[in-house]
Amino acid sequence: MFKQIQAIKGTQDVLPPYGDTFRTLENLLLSIARNYGYSEIRTPVFEHTELFSRGVGDTTDVVQKEMYTFDDKGGRSITLRPEGTAGVVRAFLEHGLFNEPMPQKLSYITSCYRYEKPQTGRYREFHQFGVECFGASGPAVDAELIALGAAVFRTLGLDEVRLEVNSIGCPECRPNYHNALKEYFAARRNDLCPTCLDRFERNPLRILDCKSPVCSRIAKEAPIGLDFLCTDCGEHFDGLKANLNVLNIDYSVNPRIVRGLDYYTKTVFEFITDTIGAQGTVCGGGRYDGLLTQLGGNPLPALGFGMGLERLELVLQASGKKPPLPEPCALYLVPIGDAALQKASVICEKLRGKGIHTQFDIVGRSVKAQMKYAGKIGARYTVVLGEDDLNAGTVTLKRMADGDKQTVGLECLAEEFYDIICTIN
Ligand code: HAM
């Protein structure tokens, strides 16, 4: 016997029926985004490593410790995307989407790869629903983006997810804040971890989201960015709060949110829950007005968020709420004999052509076993199709929920059933 091969640590197989649940959830998320004007974009799973070291920032944990980077056969350094934004910005610039009418609103469902220590809600391969909006600078857009995130949780009935917002300033005011952080950390330098010693020199803001227990204890007392905002950033943050109030979106200001990626400016926010353990940030995002220039484009304001699908699924499970389920089998045909089997396949094809989920037995089970199977898959109606029914030209349509029966002409079964199901739905 050969040894069986197992999945790689930190990756997950999605088995039925959860594959359908995830797809239905993804469709729902993309359709909510569509209501806000977002169109789907797809980018490659791997990119030049430089995109992430320049875009995400080479002092971040993601770039320093977590990327899946390798040389391809042509000797190029390649990285599996650790997040969605950098690839979308690259594609936006490469294909000249900045020439299109603004704002450009893009959404995606994407797999991401980070070499992190796996635990509940933290995986090495995970999936993000993300949105990115280009070419809009006012705080009303930040509020609209956050409203889109809130709409997801509202639609799913997840009122245990709370919103926290902050502003981390811009290149104008950030240097003052950096100086204050440097002064604070200089006095505690000997206690910082080796990575944070490097961050101390290059980007002290990053020390604030170091996961080492000592650094995070020290960071708790560090100066907060809100005290250093320039007038423009202060007004933007006030505008955001006012717009959230108008939209009736509950939030709290958490001055400790800095996010783990370097590209953010001004608004940052997170949707958080306490119901799924330590990895409670279900969605995070913010404004990144400097990223396009950093990646070689002309200046253009932009903002977005990423929502972890596995974490969203965990919140749904913890809340006891049923995730959206795909339509169950509407009609299950139970053929007896070869002629009935052929007829059943024709009726099924007709109904499937009209977009109705229809099945018939394809493994030659007994009638009893077929009916049991129909019950198991939650079929809403069944029809037994025997030789007598074929001769009579009529069949009995059975509603599984209450056993109600009605006689329908065989030749018009597909059309009549279509009308019945449309009336119910
Ligand atoms: P992020 O905070 O790194 O931001 O990730 C966004 C979300 O992805 C997190 O809130 C979490 O739900 C999920 N996530 C992150 N890491 C893992 C993991 N190892 N396992 C499972 N889920 C995870 C970004 O990625 C930014 N690109 C978001 C953004 C878009 N900002 C602006 N536009």
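These numbers come from a predicted model, not from an experiment. Read the numbers this way: they start at 1 and go in the same order the structure lists the ligands and their atoms. By convention here, the first residue in the shown sequence is residue 1.
- Counting heavy atoms from C-beta on, the side chains of Phe153 and Leu312 come closer than 4.5 Å.
- The residue among Met307, Arg287, Glu270, Gln128 with a heavy atom at the shortest distance from atom 6 (C) of ligand 1 is Gln128.
- Partner of Ile41 under the side chain to side chain contact (heavy atoms under 4.5 Å, CB included) criterion, out of Val131, Val88, Thr110: Val88 alone.
- Considering backbone and side-chain atoms together, Leu303 places no N or O closer than 3.5 Å to any N or O of ligand 1.
- Polar contact check, Val282 against ligand 1: a nitrogen or oxygen pair lies under 3.5 Å apart.
- Checking Tyr113 against Glu125 by side-chain atom types alone, a donor-acceptor pair falls below 3.5 Å.
- Heavy atoms of Cys283 approach ligand 1 to within less than 4.0 angstrom.
- The side-chain hydrogen bond (donor to acceptor under 3.5 Å, both in side chains) contacts involving residues 88-99 comprise Glu47-Arg90, Arg90-Glu94, where partners must be two or more places apart or lie in separate chains.
- Remark: ligand 1 and Tyr263 share an N or O pair separated by less than 3.5 Å (distance only, no angle test).
- Of all atoms in ligand 1, numbered sequentially from 1 with element shown, those under 4.0 Å from a heavy atom of Glu132 are 30 (C), 32 (C), 33 (N).
- Applying the side-chain hydrogen bond (donor to acceptor under 3.5 Å, both in side chains) rule to pairs touching residues 354-367 yields His357-Gln359, Asp361-Arg365, sequence neighbours excluded.
- The heavy atom nearest to atom 7 (C) of ligand 1, out of those in Gly306, Ala302, Gly130, Gly285, is found in Gly306.
- Between Glu310 and ligand 1, not a single N/O pair is under 3.5 Å apart.
- The shortest N or O to N or O distance between Tyr288 and ligand 1 is not under 3.5 Å.
- Annotation: Glu116 places an N or O atom under 3.5 Å from an N or O atom of ligand 1; distance criterion only.
- Under a 4.0 angstrom heavy-atom cut-off, Arg259 registers as being in contact with ligand 1.
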